[in-house]
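Report on one structure; see the data block that follows.
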Amino acid sequence: MTKKRQLLYLLALCVFSVYINGCTRSQKSKTEFIPGEIWYDTDGNPINAHGGGIMFYDGTYYWYGEFKGDSTYRLEWVTTWECWRADVGGVSCYSSKDLLNWKFEGVVLASTPNDSTSDLHPSQVIERPKVIYNEKVRKFVMWMHIESPDYEKAHAGVAVSDSPTGQFTYLGSFKPNGGDSRDQTIFKDDDGRAYHIYSSEWNKTMYIGLLNEEYTQHTGIYTRNFIDMSREAPAVFKHHNKYYMITSGCTGWDPNVAEIAVADSMLGEWKVLGNPCVGQNADSTFFAQGTFVLPVENKRDTYIAMFDRWNKTNLIDSRYVWLPLTFKKGNPVIKWQDKWKLD
Ligand code: GAL
């Protein structure tokens, strides 16, 4: 074979193996959770749904998250902290029946590259989107953290849709109860009431506000919790009529120790129980930060604690750390597992 032919042959082989790899990757279905590994969707692309949350609707799980742009840069003019960021690509949605194999349903709240004045412009920040279904008005309601590039804006944003896979219509953003709203989540209780939980007062104090019947606005009923304790990244779930909330400390993209608190009512009072993570690297939350706790459907007392392992210099490559949350002597415990299955 001439040198030229050899090269052509090699090139063809490479193209073929990339193609075959792509195919097999997309066809192989996942059978276990592998925390921290790249998680591919059913098309073979890494899942891009950071700071996310899950909604179960009509037999399907929907995972919503931050759809990050693929280049990360640091805003040098922000000197008080390491402001690493990626352009905002909107909010993505993936669907699954088994929580392991996720189909990309698209970007369900799109960014607006042509409107530099919009909250949804790629230069702004959309974080920690969460969606709940409102049976009364038959709408899917999304709440999210809306920011300016330097994180000084501290707004909550709201969007609604008739279908879980969008498109969501953006209603706008505001400061709930007149104060900051940064890291946030929403929680829908069994009685149909929904709450917005958000870090306020420059992240010093966690606010919990009752939402109106449409879930699109606050009612004005709210409480201040963990006063001056600087907690963020709230993730709430209910177990045996008690409410639990996992939070992190405030160290930007860097990990710190998680804390879990318990309450008899969503509006408080909340009692701190301590770090739910145990074992090696428990003090850095397994190098991750909480975002959501999912009660698994039809499996009593089965919860998945969802964390983001941020990669601050390459944010799109931040990984997902999902671990079982169990109860030991009445206390919530999250233990590292290299690999695990739901049963
Ligand atoms: C974290 C927060 C993340 C993101 C990051 C920016 O504290 O939980 O969602 O806002 O700060 O540095």
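Counting starts at 1 for both ligands and their atoms, in listed order.
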TODO: Can you run down the side chain to side chain donor-acceptor pair (under 3.5 Å) pairs that involve residues 53-65, sequence neighbours left out, and say none if there aren't any?
DONE: T60-K97

Task: Neighbouring protein residues of ligand 1 - any heavy atom closer than 4.0 Å - done: W81, E127, R128, Y151, D183, E232, G252, W253, Q289

Task: Polar side-chain atom of S111 near backbone of P113 as donor-acceptor pair, under 3.5 Å - done: no

Could you list the donor-acceptor pairs under 3.5 angstrom formed between side-chain atoms of residues 268-295 and any protein atom two or more places apart in sequence or on another chain?
| residue | atom | partner | partner atom | Å |
| --- | --- | --- | --- | --- |
| W270 | NE1 | M266 | O | 3.1 |
| N275 | OD1 | C277 | N | 2.9 |
| N275 | ND2 | A282 | O | 3.1 |
| S284 | OG | N281 | O | 3.3 |
| S284 | OG | F287 | N | 3.4 |
| T285 | OG1 | N256 | O | 2.6 |
| T285 | OG1 | A258 | N | 3.2 |
| Q289 | OE1 | R128 | NH2 | 3.1 |
| Q289 | OE1 | W310 | NE1 | 2.7 |
| Q289 | NE2 | S248 | OG | 3.0 |
| T291 | OG1 | G51 | O | 3.2 |
| T291 | OG1 | G52 | N | 3.2 |
| T291 | OG1 | G52 | O | 2.7 |
| T291 | OG1 | K130 | NZ | 3.3 |

TODO: Applying side chain to side chain donor-acceptor pair (under 3.5 Å) between Y207 and each of Q184, E201, H218, H196, report the one that passes.
DONE: E201

Open item on the list: Tell me every residue that passes side chain to side chain donor-acceptor pair (under 3.5 Å) with R309, counting only those two or more places apart in sequence or in another chain.
Closed with: none

Task: Short side-chain to backbone donor-acceptor contact, N48 and K68, under 3.5 Å - done: yes

